[in-house]
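Next up is a structure, given as structure tokens.
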Amino acid sequence: MPQYQAPRGMRDLLPAEATAFARLEAVIAARAARYGYLPIESPTVEDREVFARTAGEASDAAGKEMYDVSLHGEGGLALRPEATAAVTRVYLQHGMHRAPQPVRLYCAERMYRGQRPQLLRYREFRQWDLECFGAPEAAADIEIIAFTSGLLAELGLVDVRLKVNTIGDEASRPRVKEALTAYFAKYESELDAACRERLRTSVLRIFDCKVEHDREIAAGAPKVRDLLGEEDTAHFASVLEGIERLGIAYEVDDTLVRGFDYYTRTVFEHILTDPAFARAGEIAVAGGGRYDGLVRTMGGPQIPGTGVAGGLDVLYEALKQQGVDLGGAPAADVYVLSGDPADAADRLQLAEPLRDAGFNVAIDYSTRPLDRQLESAVKHGARVAVIRGTEEARGGNVIVRDLTKKEQRVTRLAAAVTEVGRHVARRPRPTLAAPGGEG
RNA sequence: GAGGCCGUGGUGUAAUGGCAACACUGCGGGUUGUGGACCCGCCUUUAGCAGUUCGAGUCUGCUCGGCCUCCCCA
């Protein structure tokens with residue numbers, strides 16, 4: 001065991017995984033852009049209250065699981081456990097509620113929860129997130145769901161199912177709570193400790209309980225949907241109709257409620273169905289819903305919102321489990337070698353035009369014998385070796401050797417780029433200019 | 001946070017309480033000298049700290065870490 005290791009529940013992404021995650025994020029970001037969602041980034045650290053006030057007292061993520069941050073003994077800050085409240089803070093702080101609505105925002109950041117680590121559950125994990133502010137219409141919910149289902153399909157994830165439910169708006173909430181509290185109170189002595197606590201703090205979450213007897217009790221509870229007002233019902237009907245029109249498979253789950261108290265009306269989750277992940281609970285690869293009271297809760301005006309967040313770590317594992325090719329770290333295309341132990345500067349100089357031409361070029365810095373250098377180049381995954389400092393490669397010549405075909409050719413130094421190009425493709429180079437006009 | 005299982009070089013494995021072994025990888029050296037070969041050597045060792053014992057990788061306790069269940073959720 002090494003002396004130092006990554007903190008509990010946090011992990012390092014090595015080149016192959018780091019590359020795969022970057023590609024995954026790029027696919028999601030591009031899709032978000034296609035849906036008109038603009039990227040933002042926000043600090044890893046926020047005022048503790050941003051989460052504590054919005055998530056609800058029954059939420060562990062924004063309660064006992066929060067990572068408190070202190071500076072010189074002063075507290076009040078926390079590592080963000082979820083995205084929505086943080087993005088809402090950004091929205092309000094920068095006066096985006098006075099920009100043309102709706103405001104559609106996308107981000108992909110790391111989240112932190114001080115939970116006990118398990119498979120696919122880390123203390124530091126990555127989430128992609130879409131938030132749409134200022135759109136009360138069911139169409140916004142539908143689009144968010146469509147985005148997510150489409151994303152998973154685009155990536156090749158098929159072992160997944162969509163659950164949808166409505167929990168009503170804030171006007172219905174007192175009626176819902178009253179009815180459910182009255183029902184569950186009759187069984188209070190039979191409920192387990194956690195649910196007795198929820199009876200006081202967050203009745204709806206009793207539906208989340210996994211204790212068998214509690215589930216039986218919950219099965220007899222009044223359906224939330226039957227307690228809602230006309231507008232809630234109409235909204236939900238529109239959502240369902242919309243998803244159907246788009247050909248998205250779904251199921252209504254009467255007991256689906258989410259872990260944060262700010263949700264209103266629409267809630268949904270995309271659940272993994274592969275047996276490898278089908279444990280006692282269900283693992284959600286994405287989930288979200290509407291939060292029409294959140295902006296006001298945070299001190300802003302009454303502005304509705306709807307959004308979705310998904311775990312990148314979960315997504316990555318699910319795709320891998322399903323055999324989707326996630327690629328690996330791009331190895332160097334070209335390795336520069338030399339038989340001359342004293343030509344370090346020449347090797348460096350030789351690599352530059354190749355790099356400018358778009359090849360990934362690594363250099364063997366050593367003075368090892370040439371065969372060792374070749375062996376090393378192969379083990380580093382290079383496809384082509386460019387060799388100088390030998391008998392053949394003299395007077396402005398270099399050898400370009402295809403390491404796969406084991407064929408080589410002596411060429412003028414000036415023609416090296418062209419010759420290498422016959423064996424490996426140039427890689428596209430990112431630029432600063434926004435493609436397709438202003439971004 | 002609660003309960004359970006587990007932890008041997010970089011990786012994968014072995015070792016009735018009695019000399020920690022093997023394979024692969026990596027590094028150094030050699031043979032060869034434009035490659036995946038062969039030979040020699042090295043990688044400071046049983047996650048850490050205590051304890052029981054003549055003697056601990058093996059037994060006990062604590063700590064750290066991983067996995068599973070509860071909890072919670074991505």
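Proteins get letters first, then strands, A, B, ... in listed order; numbering begins at 1 in each. In what follows, every heavy atom counts, from backbone to side chain, and hydrogens, waters and symmetry copies are set aside.
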query: Does Arg11(A) make a cation-pi contact with Tyr122(A), if we ask for NZ or CZ under 6.0 Å from the ring centre and within 45° of the axis?
result: yes
- request: Starting at atom OH of Tyr122(A), determine the distance to atom C1' of C67(B), rounded to an integer number of angstrom.
  value: 11 Å
message: Just to verify, what does Asp343(A) make a side chain to side chain contact (heavy atoms under 4.5 Å, CB included) with, not counting sequence neighbours?
response: Ser338(A), Asp340(A), Asp346(A), Arg347(A), Arg388(A)
task: Could you tell me which residues satisfy ring pair (Phe, Tyr, Trp, His ring centres under 6.0 Å) with Phe21(A), sequence neighbours excluded, listed by chain and number?
output: Tyr316(A)
- request: List in chain and number order the residues that pass side chain to side chain donor-acceptor pair (under 3.5 Å) with Arg48(A), two or more places apart in sequence or in another chain; answer none if no residue qualifies.
  value: Asp68(A)
With Glu25(A) via side chain to side chain contact (heavy atoms under 4.5 Å, CB included) - residues at least two apart: Ala108(A), Leu312(A)
- request: Could you list the residues that satisfy salt bridge (Lys or Arg N to Asp or Glu O under 4.0 Å) with Glu269(A), not counting sequence neighbours?
  value: Arg258(A)
query: Rounded to the nearest Å, what distance is computed from the CD atom of residue Glu197(A) to the P atom of nucleotide A2(B)?
result: 18 Å
Partner set under side chain to side chain contact (heavy atoms under 4.5 Å, CB included) for Phe236(A), not counting sequence neighbours: Val164(A), Thr166(A), Arg225(A), Leu240(A), Val252(A)
- request: Grab the stems for RNA chain B, please: at least three consecutive Watson-Crick or wobble pairs, both distances below 3.5 Å, written as range with range.
  value: B:1-7 with B:64-70, B:10-13 with B:21-24, B:26-31 with B:37-42, B:47-51 with B:59-63
- prompt: When the nearest nucleotide of RNA chain B is assigned to Arg8(A) and to Gln127(A) on a heavy-atom basis, which residue is associated with the more 5' position?
  reply: Arg8(A)
message: Within the 4.0 Å limit for protein heavy atoms, which parts of nucleotides 26-39 of chain B are touched? Write it as a string from 5' to 3', B for base, S for sugar-phosphate only, - for none.
response: S---BBBBBBBBB-
message: Counting only side-chain nitrogens and oxygens, does Gln5(A) get under 4.0 Å of the OP1 or OP2 atom of C64(B)?
response: no
query: Starting at the 5' end of RNA chain B, which residue's closest nucleotide do you reach first, Glu269(A) or Pro117(A)?
result: Pro117(A)
message: Checking Tyr365(A) now: which residues fulfil ring pair (Phe, Tyr, Trp, His ring centres under 6.0 Å) with it, not counting sequence neighbours?
response: none
